[in-house]
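What follows is a short report on a single structure.
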Amino acid sequence: MRVRFAPSPTGQLHIGGARTALYNWLLARKHGGTLVLRIEDTDPERSTPENVEQILDALRWLELDWDEGPISQVERAGRHREQIDRLLADGAAYEADGAVRLRVPDEGETVVSDVIRGDVNFPHSSIDDFVIARSDGSALYNLAVAVDDLDMGIDHVVRGEDHLSNTPRQVMILRALGAEPPIYAHLPLLHGPDGKKLSKRHGAASVQALRDAGYLPEAVRNYIALLGWGLDAETTFMTTEQLVQGFSLERVSRSPAVFDEQKLRWMNGRYLRDLASAELARRLEAHTGRSGLEAAAAVAQEKMQTLADFWPLAAFLVERQPIDEDAWNRVMKEGADEALREARSALAEVEPFALEPVEAALRGVVERLAVKPKQVFQPVRVAVSGSTISPGIFESVVALGREETLARVDDALARLSTIA
RNA sequence: GCCGCCAUCGUCCAGGGGACUAGGACGCCGCCCUCUCACGGCGGAAACGGGGGUUCGAAUCCCCCUGGCGGUACCA
């Protein structure tokens, strides 16, 4: 089996393109086939090394590898020209107004056999003689694809449904060249939440945007695998091995799917929480460009859905943050100073400065003061984190350490007394 | 216009003649848990686009309509 994936060198790898890449990859890996990567654009202006590299980078991030390529259609212009000349010599094509057109018979039809959609018939009466080469001699997409697929021995073509209507043209070129077409599978398109074709204005529409937004590659892979395909009624989380094992083109849906970032977020959160905290820290460090995040990562892990959630939630564990004034005003009311004083002395003495003793010490304060837990914990939270929203207060205090915690509580106390 | 594809909760995925009172998940709502926010647990609302057939029986098969999408380029 030889499968090819042919992304356009637009710079960004579209999510639909990523799904196509994934399905091609799953197909090849499942059957021990060869995956050929071709950069699909006959225009050297678009097919720049920078643009190509960005696509490859996105594929690598998704951990989708390939066996041959990347091969650029631009590099194959000579071969395309040869085959155009051959079609001309055979009489299968002719020149008109400088451009080369393929002869399409008036009668009959071309049948495209599609694994997902069955046989699709295209009557020739609705297809004109179409252009295969521009007047400057350069090949057009349909010609280039057919020639490349033939030369590379491709037997499986998995691509978006937007190519279905072009397929009979490619089949006709292939037959004119004396070859039989490969097996086709046209995937349903991906739409945005508004039902329109997914694009940049739907937010994170590219793999790069997803990466920047703090999604994990394994979560993205799992999620996009489920856009147009499902193993059964229940299974949602699948490892790459399970994906490879379970995938089948025959089970791919025929109807378009909507990319739902909320579900991706949820899934990403699940993957995030399953990470060992050292691994999470490693990824956070790569994402934020900071180091020494392990303690904070462990504390914040339960609360994050994406890597980008980390900083707003846990920055106070890494460096002191300004206090949110709304939070201060809501929490630092009567009783707050007493709670803070008590908490301070309890924390000053607790030994060792670890999770259970710290929790016991702070709960002791609640008991002694005979107040509700939040009347102690919220002032401490605001003093320490600057916000009413934070990871668990005991975990946070321990991660911060005794010295830093006491310093922040002291500052809050000082501020309270100046106001009073 | 012409050609083609598609049609189950708001969304994704199941179900492909009887097991359907249509299942699971996200999201939403309520309750529980709880130091905030989350996580988690429990419960709830929520769908077979319409009309004709075929059949003892249709979400499932056929036809029509409607709707959505794609193509119809010297774009890919």
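In what follows, chains are A, B, ... by sequence order, proteins preceding strands, each numbered from 1.
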query = Quick one: salt bridge (charged side-chain N to carboxylate O under 4.0 Å, His left out) pairs with a partner in residues 355-376 of chain A, sequence neighbours left out?
reply =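 Residue pairs passing salt bridge (charged side-chain N to carboxylate O under 4.0 Å, His left out), neighbours aside: A:Glu342-A:Arg368, A:Glu359-A:Arg363.
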inquiry  = At 4.0 Å (heavy atoms only), tell me whether A:Pro168 reaches a base, stays on the sugar-phosphate, or touches nothing.
reply    =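 If one applies the 4.0 Å heavy-atom cut-off, A:Pro168 turns out to touch nothing in the nucleic acid.
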message = Suppose we screen for side chain to side chain donor-acceptor pair (under 3.5 Å). Which residues come up paired with A:Glu395, at least two apart in sequence or across chains?
response =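 Once residues adjacent in sequence are excluded, A:Glu395 has no partner under the side chain to side chain donor-acceptor pair (under 3.5 Å) criterion.
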task = Go through the steps to decide whether A:Arg341 and A:Glu338 satisfy the test salt bridge (charged side-chain N to carboxylate O under 4.0 Å, His left out), and finish with yes or no.
result = CA-CA 5 Å; A:Arg341 270 197 305 277; A:Glu338 188 182 17; 5.9 Å; no
inquiry  = Just to verify, what does A:Arg320 make a salt bridge (Lys or Arg N to Asp or Glu O under 4.0 Å) with, not counting sequence neighbours?
reply    =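 Partners of A:Arg320 by the salt bridge (Lys or Arg N to Asp or Glu O under 4.0 Å) criterion, ordered by chain and then number, come out as A:Asp411.
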Salt bridge (Lys or Arg N to Asp or Glu O under 4.0 Å) against A:Arg159, all qualifying residues, sequence neighbours excluded =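 For A:Arg159 there are no salt bridge (Lys or Arg N to Asp or Glu O under 4.0 Å) partners, ignoring immediate neighbours.
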ask   = B:rG68 base stacked by A:His191? Criteria: ring centres under 5.5 Å, plane angle under 30°.
value =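 Aromatic stack with B:rG68 absent for A:His191.
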query = Can you tell me how far P in B:rC61 sits from the matching atom in B:rA14, rounded to whole Å?
reply =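 The same atom, P, in both gives a distance of 15 Å.
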inquiry  = Between B:rA73 and B:rG68, how far apart are the two P atoms, rounded to whole Å?
reply    =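 Those two atoms are separated by 23 Å.
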Using a heavy-atom distance cut-off of less than 4.0 Å, which residues of [range] contact RNA chain B?
range: residues 90-99 of chain A; value: A:Asp97, A:Ala99
range: residues 374-390 of chain A; value: A:Phe377, A:Gln378, A:Arg381, A:Thr388, A:Ile389, A:Ser390
range: residues 125-134 of chain A; value: A:Ser126, A:Val131, A:Arg134
range: residues 138-149 of chain A; value: A:Leu140, A:Tyr141
range: residues 298-315 of chain A; value: A:Glu302, A:Lys303

ask   = Can you list every ring-ring contact (aromatic ring centres under 6.0 Å, His included) pair that touches residues 102-138 of chain A, not counting sequence neighbours?
value =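 Qualifying pairs: none.
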Could you go over nucleotides 9-13 of chain B and give all protein N or O partners under 3.5 Å, atom names and distances?
unit_1: B:rC12; atom_1: OP1; unit_2: A:Val258; atom_2: N; d: 3.0
unit_1: B:rC12; atom_1: O2'; unit_2: A:Leu226; atom_2: O; d: 3.0
unit_1: B:rC12; atom_1: O2; unit_2: A:Lys263; atom_2: NZ; d: 3.3
unit_1: B:rC13; atom_1: OP1; unit_2: A:Gly228; atom_2: N; d: 2.9
unit_1: B:rC13; atom_1: O3'; unit_2: A:Gly230; atom_2: N; d: 3.2
unit_1: B:rC13; atom_1: O2'; unit_2: A:Asp232; atom_2: O; d: 3.4

query = Choosing from B:rC74, B:rG70, B:rG24, which nucleotide comes nearest the side chain of A:Glu234?
reply =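 Nearest nucleotide to the side chain: B:rG24.
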query = How would nucleotides 58-67 of chain B be written as a contact map, 5' to 3', with B for base contact, S for sugar-phosphate-only contact and - for no contact, using protein heavy atoms under 4.0 Å?
reply = ----------
